[in-house]
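The block underneath contains the structure these notes are about, expressed in structure tokens.
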Amino acid sequence: MKFFLDTGEINDIRELAETGMVDGVTTNPSIVAKSGRKFVDLIKEICATVPGPVSAEVTALDYDTMMKEADVLRKIAKNVAIKVPLTVDGLRTCKRLSSEGTMVNVTLCFTCGQAILAAKAGASFVSPFVGRLDDLGVDGMQLIDDIVGIYENYDNFKTEVLVASVRSVEHVVSAARYGADVITCPPSILRQLYAHPLTEKGLASFAKDWEKTGQSIL
Ligand code: G3P
């Protein structure tokens, strides 16, 4: 299972990349806006920090302009994955880029039918947004279970299921339970994954008892 960071905050990416848990990064126009950075510079810096796929999203809505934007973005670094929306033009762009060997992440997926189209278009990743479905009172994780099951029926579907719009540790654990290939989460969720009060408590008591021995390993 791969962990991507869903952020444009370079300091968080640098810090968490050092833990060895970060396999890639995803961004979107909202994340770029929040970072306050120039898009191309930001993607270049992230690509130099994390060797895995770094998603950079096109902003055009039509095929010709999406392709032009993708040409700019994929030149930034070898590990750029072009993010396209799940629309007719987005999937047409996906098919072309994939056939040219460029990684594509198809975003804004909300149904199994859309996920089937993304796989047929040769996407490297499909991003179902679980949190936004939960917000509507629909079980986002059920969609993940369904897509993983459908993809398993076809050997020629190579698309990885990338769980996006992750809002909690429970989303991450459920994604693993259902066999999702990748989750992308905000830095805060990755930090929360480490935490348990009994780990803290146990560590404190071990430290206290160790001190009583007067020993030192080094
Ligand atoms: O990268 C897209 C996705 O993860 C957005 O999440 O929290 O804005 O629904 P959110």
Side-chain angles (χ1 to χ4, degrees), residues 1-10 12-13 16-17 21-37 39-40 42-43 45-47 49-50 52-61 66 69-70 73 76 79-87 90-91 93-94 97 103-111 114-115 117-118 123-145 147-148 159-176 178 180-193:
M1 184 185 200
K2 288 175 236 176
F3 282 2
F4 290 1
L5 284 179
D6 198 28
T7 187
E9 300 307 316
I10 195 72
D12 285 328
I13 295 169
L16 290 167
M21 292 291 168
V22 179
D23 303 298
V25 172
T26 51
T27 66
N28 61 36
S30 305
I31 283 172
V32 174
K34 196 172 163 205
S35 77
R37 298 280 310 275
F39 186 24
V40 170
L42 177 64
I43 297 298
E45 204 172 343
I46 297 173
C47 285
T49 307
V50 176
V54 174
S55 291
E57 188 162 342
V58 296
T59 56
L61 300 179
M66 277 186 197
E69 292 182 348
L73 298 174
I76 294 174
N79 51 330
V80 167
I82 303 297
K83 210 170 177 188
V84 299
L86 210 152
T87 60
L91 291 186
T93 305
C94 173
L97 293 172
M103 287 185 287
V104 182
N105 177 0
V106 176
T107 190
L108 292 166
C109 173
F110 293 95
T111 69
Q114 290 180 318
L117 292 174
S124 306
F125 306 101
V126 67
S127 294
F129 279 30
V130 295
R132 293 193 194 184
L133 282 171
D134 288 353
D135 290 345
L136 295 180
V138 177
D139 184 0
M141 292 315 304
Q142 183 59 51
L143 177 64
I144 301 304
D145 192 16
I147 296 172
V148 168
T159 305
E160 294 184 43
V161 179
L162 192 168
V163 180
S165 189
V166 163
R167 306 270 176 78
S168 65
V169 164
E170 189 46 39
H171 274 151
V172 179
V173 175
S174 297
Y178 293 133
D181 303 285
V182 193
I183 59 99
T184 189
C185 68
S188 58
I189 303 286
L190 180 49
R191 292 191 182 102
Q192 280 173 43
L193 275 164

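Start at 1 and go down the list; that is how both ligands and their atoms are numbered.
Closest to atom 6 (O) of ligand 1, if we only count protein heavy atoms, is Ser165 CA, 3.3 Å. For atom 7 (O) of ligand 1, the closest heavy atom belonging to the protein is Arg167 NE, 3.1 Å.
The backbone N or O of Thr59 lies less than 3.5 Å from a partner atom in the side chain of Glu69, making a donor-acceptor pair. With Asn79 contributing its side chain and Cys47 its backbone, the two residues share a donor-acceptor pair below 3.5 Å.
Inclusion of Asp6 in the set of residues having an N or O under 3.5 Å from an N or O of ligand 1 is warranted. Checking only distances, Thr27 never comes within under 3.5 Å of ligand 1, N or O to N or O.
Numbered from 1 in the order shown, with element, the atoms of ligand 1 that lie under 4.0 Å from a heavy atom of Ala164 read 4 (O). Annotation for ligand 1: atoms under 4.0 Å from non-hydrogen atoms of Arg132 are 5 (C), 8 (O), 9 (O), 10 (P). Those atoms of ligand 1 with a heavy atom of Phe129 less than 4.0 angstrom away are 2 (C), 3 (C), 5 (C). Those atoms of ligand 1 that come under 4.0 Å of a heavy atom in Asn28, given as number and element, are 1 (O), 2 (C).
Counting only N and O atoms by type, the side chains of Ser174 and Glu170 include a donor and acceptor under 3.5 Å apart. Checked by atom type, the side-chain pair Asn105/Ser55 shows a donor-acceptor distance below 3.5 Å.
The shortest separation from a heavy atom of Lys83 to ligand 1 is under 4.0 Å, placing the residue in contact.
Considering all non-hydrogen atoms of both residues, Val106 and Cys94 come closest at CG2-SG, 3.8 Å. A pairwise comparison of heavy atoms in Ala56 and Leu73 identifies O-CD1, 3.9 Å as the closest pair.
One finds the CG atom of Leu16 at 11.5 Å from the CZ atom of Phe3 (value rounded to the nearest 0.5 Å).
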